[in-house]
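All residue numbers in this chain count up from 1 along the given sequence.
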Amino acid sequence: MPERTLTLPHSTDRFIVTDRPEPTLTDRYQPLPDGMSTSHVTVVRAHQILAGDIVVAFFTDGPGTRHAEHVGIAFAADPRDYTRCSDYCEECQDIAASGITADRFVCLAPSNSSYDCVPVFRNTPVAIIPAATAASLPPLDSAPLLPDLFTLDDDGESGPYEALPVPRAFGPWDAISVTRTTAEQIVADLAASPTGRHLICEWLHDALLISSDPRLRTEPGCPGRLIRPDADGRYRIGGLWPWQHRSPEEDDPTH
């Protein structure tokens, strides 16, 4: 992974910036929009960040060589006094309860229905794409969406399985769109999961047949559902059990 070494005025530390990591099932790094990259990044102190600057990474502790720790989802800064927080941000409430004075912190983004605030020490080095630079690049909301993640059971022991992003109105019995490899993994996991205890799965060439155990005649197979790949080779599986859904939006943008 290519590296860039950046410096900060009045600091002897070296700040190493790498390309954003590829997303995995456990580390959900949303890509930057096409045309925006870490080559546009500079390093500033948190209190120097302006509204509209794009926060892409923090850094390991110093002094010395400090490596970028990329945020899961890059976000546009909206810096403010961290005490100006809504009631449901536990992080800011904890800081206030500890007795730390507000002048030691700055909030880089206020809380909303999906995320907590992002309070940091004022002198924290932060990797940003300046707003003036970002203005000439594709907007953040044009970034490729991460696949959504699903499991068979609410205990999360199966999967997670990557599927195409689903709409906000998605219900647990709706179908998700997965690749053949993921469909095969779902079939394998069903055999060991309570969710699949009354179901039988069988591959018929490129089609997947999911049916109820004929001795039980239980829903939801009744008697079976044949799932064929669509034009893109993906399988839409749904209506057979309630999917447990974890959207990338539920992840903390600072991790």
Would a distance-only check, ignoring hydrogens and angles, find a side-chain to backbone donor-acceptor pair under 3.5 Å from [X] to [Y]?
| X | Y | value |
| --- | --- | --- |
| R225 | G238 | yes |
| S142 | P139 | yes |
| W243 | L149 | no |
| D53 | I128 | no |
| R20 | G72 | yes |
| D174 | G171 | yes |
| R4 | T38 | yes |
| S158 | L152 | yes |

Heavy-atom side-chain proximity of [X] to [Y] below 4.5 angstrom:
| X | Y | value |
| --- | --- | --- |
| V126 | V43 | no |
| C201 | L209 | no |
| H47 | I49 | no |
| I186 | I237 | yes |

Tell me whether [Y] is reachable from [X] by hopping between hydrophobic residues (I, L, V, M, F, W, Y) whose side-chain heavy atoms are closer than 4.5 Å.
| X | Y | answer |
| --- | --- | --- |
| L137 | F75 | no |
| V106 | V56 | no |
| V44 | F15 | no |
| L140 | V71 | no |

Least distance between heavy atoms, Y29 atom then P21 atom: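 Scanning both residues, the minimum pair turns out to be CB-O, 3.5 Å.
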So how far is it from [X] [atom1] to [Y] [atom2], rounded to the nearest 0.5 Å?
| X | Y | atom1 | atom2 | answer |
| --- | --- | --- | --- | --- |
| M36 | S136 | CE | OG | 8.5 Å |
| R236 | S177 | CZ | OG | 6.5 Å |
| L190 | Q185 | CG | CD | 10.0 Å |
| L164 | D232 | CG | CG | 8.5 Å |
| R14 | T65 | CZ | OG1 | 4.5 Å |
| L6 | L8 | CG | CG | 9.5 Å |

Could you tell me which residues satisfy side-chain hydrogen bond (donor to acceptor under 3.5 Å, both in side chains) with S37, sequence neighbours excluded, listed by chain and number?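 side-chain hydrogen bond (donor to acceptor under 3.5 Å, both in side chains) check on S37 returns S39.
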How would you list, by chain and number, every residue that makes a side-chain hydrogen bond (donor to acceptor under 3.5 Å, both in side chains) with T5, sequence neighbours excluded?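 With sequence neighbours excluded, T5 shows a side-chain hydrogen bond (donor to acceptor under 3.5 Å, both in side chains) to no residue whatsoever.
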Taking it one step at a time, do F59 and E69 satisfy side-chain contact (heavy atoms from CB on, under 4.5 Å)? CA-CA 5 Å; F59 291 92; E69 295 183 322; over 6 Å; no
Does CZ belonging to R180 count more than 12 external heavy atoms closer than 6.0 Å?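 Counting other residues, nucleotides and ligands, CZ of R180 exceeds 12 neighbours.
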Kindly indicate, with the supporting measurements, whether the criterion side-chain contact (heavy atoms from CB on, under 4.5 Å) is fulfilled by L208 and L226. CA-CA 6 Å; L208 172 61; L226 189 65; over 6 Å; no
Could you point out which residue of D13, D61, T60 forms a side chain to side chain donor-acceptor pair (under 3.5 Å) with R66?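 Only one of D13, D61, T60 forms a side chain to side chain donor-acceptor pair (under 3.5 Å) with R66, namely D13.
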Would you please classify the geometry between the H245 ring and the F150 ring as parallel, tilted or perpendicular, with 30° and 60° separating the classes?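 If you compare the ring of F150 with that of H245, the planes turn out parallel.
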Do D230 and Y235 get their side chains close enough for a donor-acceptor pair, meaning under 3.5 Å?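 Side-chain D/A pair, D230 to Y235: absent.
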Is there a side-chain contact (heavy atoms from CB on, under 4.5 Å) between F58 and H70? Walk through the geometry before answering. CA-CA 6 Å; F58 295 96; H70 291 268; over 6 Å; no
Inspect the contact between E162 and R28 and indicate whether a charged nitrogen and a carboxylate oxygen are less than 4.0 angstrom apart.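 Here R28 pairs with E162 in a salt bridge, since their nearest N and O are under 4.0 Å apart.
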